[in-house]
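Shown next, in structure tokens, is the structure this report addresses.
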Amino acid sequence: QVQLVESGGGLVQAGGSLRLSCAASGRTASTYAMGWFRQAPGKEREFVATINRNGGSTAYADSVKGRFTISRDNAENTVYLHLNSLEPKDTAVYYCAASFVLGTRMEAYRYWGQGTQVTVSS
């Protein structure tokens, strides 16, 4: 079992950047593929990005490709999501999650953090 805690959210102007962190404790994070999802008010939670166990493979939602970057530091048990060129439509609660397999579907992810709010003003 692994516990996940997100941080780094906040209020930023359009065009700005943020770095979200997801700290894992308990079972070693390198055991898992890791993903980021987000949920905007009134909308369903959606896939954002995922990274495999050693960081050698990543995948992104089309809506964030070229703007967001997922990375991980297994020595620090931490996964990051770098958000660049932010737009108001990126406003959401961002969640990190852990899975035994690399995937884009929520159902593949067994462990979830509590989320961190990202708000982008126009």
Side-chain angles (χ1 to χ4, degrees):
Q1 173 165 330
V2 63
Q3 292 77 44
L4 305 173
V5 178
E6 303 95 334
S7 62
L11 173 64
V12 62
Q13 289 188 330
S17 299
L18 284 173
R19 188 184 75 167
L20 306 183
S21 299
C22 175
S25 61
R27 196 166 181 177
T28 306
S30 60
T31 302
Y32 303 95
M34 300 295 294
W36 285 93
F37 292 76
R38 67 184 181 185
Q39 187 165 18
K43 296 188 176 181
E44 293 185 351
R45 194 170 299 189
E46 64 177 4
F47 167 74
V48 176
T50 187
I51 188 167
N52 71 340
R53 297 178 186 182
N54 65 13
S57 181
T58 59
Y60 297 90
D62 288 343
S63 59
V64 307
K65 202 171 294 184
R67 299 188 298 122
F68 292 7
T69 302
I70 189 171
S71 63
R72 68 190 300 162
D73 184 340
N74 285 339
E76 296 293 330
N77 267 353
T78 303
V79 177
Y80 302 99
L81 186 67
H82 305 259
L83 293 69
N84 297 313
S85 302
L86 282 161
E87 304 170 4
K89 67 179 182 179
D90 296 316
T91 295
V93 177
Y94 284 71
Y95 299 89
C96 75
S99 172
F100 289 112
V101 296
L102 185 68
T104 63
R105 298 181 61 186
M106 283 179 52
E107 293 78 8
Y109 289 80
R110 184 168 185 178
Y111 303 106
W112 292 81
Q114 294 300 305
T116 185
Q117 176 72 46
V118 172
T119 303
V120 184
S121 63
S122 57

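Residue numbers start at 1 and run along the sequence shown.
Evaluation of the side chain to side chain donor-acceptor pair (under 3.5 Å) rule for Q117 yields T119 as partners, not counting sequence neighbours. Residues passing the side chain to side chain contact (heavy atoms under 4.5 Å, CB included) test with R19, sequence neighbours excluded: S21, Y80, H82. With sequence neighbours excluded, no residue satisfies ring pair (Phe, Tyr, Trp, His ring centres under 6.0 Å) with F68. With sequence neighbours excluded, the residues forming a side chain to side chain contact (heavy atoms under 4.5 Å, CB included) with S85 are R67, listed by chain and number. Residues forming a side chain to side chain contact (heavy atoms under 4.5 Å, CB included) with A33 (at least two apart in sequence, or on another chain): L102.
The number of heavy-atom neighbours closer than 6.0 Å to CD of Q114, taken from other residues, nucleotides and ligands shown, is 12 or below. Taking a 6.0 Å sphere around CD of E44, one finds it holds 12 or fewer heavy atoms contributed by other residues, nucleotides or ligands.
Nearest heavy atom pair, residue D62 against residue K65, reads OD1-NZ, 3.1 Å. Of all heavy-atom pairs between N84 and S17, the closest is OD1-OG, 2.9 Å. Annotation for V2 and A98: closest pair CG1-CB, 4.0 Å, computed over non-hydrogen atoms. Minimum interatomic distance between T91 and P41 (heavy atoms only, all atoms of both residues): O-CD, 4.5 Å. Here the closest non-hydrogen pair linking A40 and A92 is N-CB, 3.8 Å. In terms of heavy atoms, A49 sits closest to L81 at CB-CD1, 4.1 Å.
Note: D90 CG to R38 CZ = 5.0 Å, rounded to the nearest 0.5 Å. The distance from the OH atom of Y94 to the CD atom of E6 is 12.5 Å, given to the nearest 0.5 Å. Taking CD from E87 and OG from S63, the interatomic distance works out to 9.0 Å, rounded to the nearest 0.5 Å.
Y95 and I51 fall into different hydrophobic clusters, where Ile, Leu, Val, Met, Phe, Trp and Tyr side chains are chained together by heavy-atom contacts under 4.5 Å. Both M34 and V118 sit in one connected hydrophobic cluster of ILVMFWY residues. Membership requires side-chain heavy atoms under 4.5 Å apart, directly or through other members.
C96 is not listed as a side-chain neighbour of V79, based on a closest heavy-atom distance of 4.5 Å or more. Two residues are said to be in side-chain contact when any heavy atoms from C-beta on lie closer than 4.5 Å; N74 and R72 meet this criterion. With a 4.5 Å cut-off on side-chain heavy atoms, R53 and S30 do not count as touching.
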Begin from the C-alpha positions of T116 and S7 and carry the test side chain to side chain contact (heavy atoms under 4.5 Å, CB included) through to its verdict.
-> CA-CA 6 Å; T116 185; S7 62; 5.7 Å; no
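Partner of V120 under the side chain to side chain contact (heavy atoms under 4.5 Å, CB included) criterion, chosen from L83, L18, L86, L11: L86.
Residue pairs meeting the ring-ring contact (aromatic ring centres under 6.0 Å, His included) criterion with at least one member in residues 20-55, sequence neighbours excluded, are Y32-F100, Y32-Y111, F37-F47, F37-Y109, F37-W112.
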